[in-house]
Each structure stands twice: as C-alpha cells, then as structure tokens.
Amino acid sequence: MFKSAVLKLTLVYVAIVMVISVGFSIALYNISSQEIGRGLGRQTGMLRDLPINGNPFIQDLERIRAEQIDESNSHLQTNLIYFNLIILVSSAIISYFLARRTLRPIEEAMEAQNRFTADASHELRTPLTAMRVETEVSLRDKNLKLDEAKTLLKSNLEEISKLEYLSSALLKLSQYQDNSKIEFKPVDLVLAGKEAIEKIEKMADQKEITINGRFQKTQVLGDRPSLVEVFIILLDNAVKYSPKNSQIDFEIKKVDKHIEAKISDQGIGIKASDLPHIFDRFYRADLSRSKEKVDGYGLGLSIAKRIVELHSGTIYAKSKIEKGSQFTLTLKAI
Ligand code: ADP
C-alpha cells in the first residue's frame, strides 16, 4: 500500500513538472522560431532592396533562407525533446525520493497505529478470555457450590475492573492526541500537587509509604485536571514500585523561567536497558525483581508524556536498580 502511494505521488509530481516543462518548451519553440524567421527575413529583405534585384541569386537566397529556417527549427525541436527527456528522467528520480520522504511520517504513523491496535486488542482479549474460561468451567460443574460461585464472581469482578481501567486509559490516550480539548489557564501547581497526593495517600498508607511534598509557589499555563493526572501517574508508579515503609519525595520548584517537578522514590528502580522505553505505549519492564505482582498495562507513562508534550514541557527519568527512580517534569513558568 505504501509503495503504490509512493508511485502515485511520484506520478503526480512528474506530471506537474512535465506539464510545466512541455508548456515552457512549446512557448520557447514558438518564440524562437518566430525570431529566427524574422531575423533571416530581414536579411533577405535587405538583399532584395539592393540594385541586384531580379537576380536569380535572390531566389537562391530565399530557398536557402527557407531551408535555414527549417533546419534551425528542427535543431531547436531536437534540443527541446532532449531537454524534456532529461527533465522527465531526472524529475522521476527526484520525485520518487521526495514522495518517499513526504509519505514516510504517514507510514510510520500508520505502523504505530497498527501496533497500538494490535496491542490494545491483545490486552482487552486477555481478561475477556480468562472470564469466559472460568465461567464456562463453572457452568459445566453440576455441583457448583455457592462459595465457588462467589469466588468466580469475585474473580470476574477483578477482570472487569482491569477492563475498566484499560478502557479508560485507552480513552485518555485518544483524548490527548491533540490539544483541542485542553483549556490552557493559569494553574497553581502547589494545589495540583496537593490534589494528586490526596488521591494517592490511601494507597501509600496501605504500604506505609510517606509522601514528602516540598512545594514552592509556582504557576504554569495549562490544564489543571491533566496536570494533576500526570502527578497521579508518577506518584502511583512510585508507590507501586516501592517497598513497604519507604519514602517518596515530591518537590516542585522554580528554576529560571521553568518549573521543575521531581518525584523520587526508593523503589526497585529501572534497568538502563528499559529506561529508553518506559514512555512507550504498553511497555512494561521486566518485574521479576519485584517481590509482589504489580498490575498495570504500561500506559500510564505514555499518557503522562503525551500530556506534558501538549504543555510543551519535558519529562524524563533517572534510575538506579534497587536504589530508586526519579522522574523530572519541566514546564514553562508564568
Ligand atoms: P504500568 O501500568 O506498567 O505502571 P507505566 O507506563 O506507568 O505502566 O510504566 C511503564 C513501566 O515503567 C512500568 O511497567 C515499570 O516497569 C516502569 N516504571 C515506571 N515507574 C517506575 C518507578 N517509579 N519505579 C520503577 N519502575 C517504574
């Protein structure tokens, strides 16, 4: 499909170039042949005015003149045909490369879209299959007890929650594809930070994790709910990937004309080989080091990155295995 699109675009480019080139050549041919005719006509006219008029020499001259005009015109024609052939070949080569370059980002976007659809379908299918298999097995069991049925329903409920989480994450990703739905207003980041901590506190308490917020008064131009969302994603990860009874530092400060928000944990850390990929959709690092099973779909950081990009900011991570990770977010201050 990509190849045929490249060929079609190449043909369009070549057709445009050739229409211009052939049109230009026809105009050039007409003007030049008129000029040649006029120039030689003037010479013969001058000779005809001489007293040697009526001389057969003048008739010869007229014939030679007509031959010369024909010869010059056919020379011009041949040159213009060669010229157009060269233009055709070179424009075809250049157009092909230009068409490939033009369509490359579209091809990459399509590939990413296909990969995303395949990953999303796979993730959606896994809990659905689990639910179907469990339900089928239970239905086949004629002596199914109430306890067992309740266990099944509980397990199905867990899978449904996963599906809910996944579909809402997918929805967010699609919402943040462009900034048309984002309203940029002055946002007090201290309030946004505190709101995010409040939402995560319960989860942190369960693991006896303390979140230390150190906030300098700062404001950015942005969308408050989505910025709170970024902080929640980073804090949620910090809690998820940290051991019990540890500390999370959440600092917001102004550095020159920017604000810097840093969330540091004392968790399991991220391998150097995983670091470049953690912001990719559906990427999950190998968690065999983690003692407990950590739920997730590898979508949180890609949503966070998308939101930060919509705010023209940056986000990156530093990490040391078994020591902890630090996520830094920079935004333009107002
Ligand atoms: P997930 O739902 O899997 O947490 P994310 O996109 O939020 O998805 O994160 C991608 C991956 O990055 C995670 O699976 C995890 O391996 C790694 N990661 C993110 N944050 C941390 C952290 N604070 N500490 C250790 N690993 C992390």
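Residue numbers count from 1 along this sequence. All values derive from a computational prediction rather than experimental measurement. In listed order, ligands and their atoms are each counted from 1.
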Q) Should Ser325 be listed as contacting ligand 1, given a heavy-atom distance under 4.0 Å as the test? A) yes

Q. Do Thr314 and Thr330 have side-chain atoms, one donor and one acceptor, less than 3.5 Å apart?
A. yes

Q: May I have the step-by-step check of side chain to side chain donor-acceptor pair (under 3.5 Å) for Gln266 and Ser246, ending in yes or no?
A: CA-CA 6 Å; Gln266 302 167 339; Ser246 57; 4.6 Å; no

Q) Can you list the ligand 1 atoms lying under 4.0 Å from a non-hydrogen atom of Lys240? A) 1 (P), 2 (O), 4 (O)

Q. Where's the contact between Ile270 and ligand 1, heavy-atom distance under 4.0 Å: side chain, backbone, both or neither?
A. side chain

**Q.** Donor-acceptor side-chain pairing of Glu260 and Thr328 below 3.5 angstrom
**A.** no

Q.
For the backbone of Thr151 and the side chain of Ser155, can you confirm whether one donor and one acceptor N or O come within less than 3.5 Å of each other?
A. no

Q. Purely on distance, is any nitrogen or oxygen of Tyr241 under 3.5 Å from one on ligand 1?
A. yes

Q: Any atoms of ligand 1 less than 4.0 Å from a non-hydrogen atom of Gly269? List them with their elements.
A: 25 (C)

Q. Does an N or O anywhere in Ala285 fall below 3.5 Å from an N or O of ligand 1?
A. yes

Q. Salt-bridged, Glu158 to Lys162, with N to O below 4.0 Å?
A. no

(Q) Between Asp265 (side chain only) and Ser325 (backbone N and O only), is there a donor and an acceptor less than 3.5 Å apart? (A) yes

Q) Just by distance, with hydrogens left out, do Asp249 and Ser264 show a side-chain donor and acceptor under 3.5 Å apart? A) no

Q: Please indicate whether any nitrogen or oxygen in Phe327 is less than 3.5 Å from any nitrogen or oxygen in ligand 1.
A: no

**Q.** Pair Asp295, Tyr165: side-chain N/O donor-acceptor within cut-off below 3.5 Å
**A.** no

**Q.** For Tyr283, atoms of ligand 1 separated by under 4.0 Å from a heavy atom
**A.** 10 (C), 11 (C)

(Q) I want to check a possible cation-pi pair here: Arg281 against Phe116, using under 6.0 Å from ring centre and within 45° of the ring axis as the test. (A) yes

(Q) Is there a polar contact between ligand 1 and Gly296, counting only N or O atoms under 3.5 Å apart? (A) no

Q: Measure the distances from the heavy atoms of Phe279 to every atom of ligand 1 and state whether one is below 4.0 angstrom.
A: no

Q: Report the part of Leu299 in contact with ligand 1, treating N, CA, C, O as backbone and CB onward as side chain, heavy atoms under 4.0 Å; options are side chain, backbone, both, neither.
A: backbone

Q: Would you check the N or O atoms of Ser302, main chain and side chain alike, for any that come under 3.5 Å of an N or O of ligand 1?
A: no

**Q.** Selected option - heavy-atom contact closest to atom 7 (O) of ligand 1, from Asn237, Ile268, Ile278
**A.** Asn237

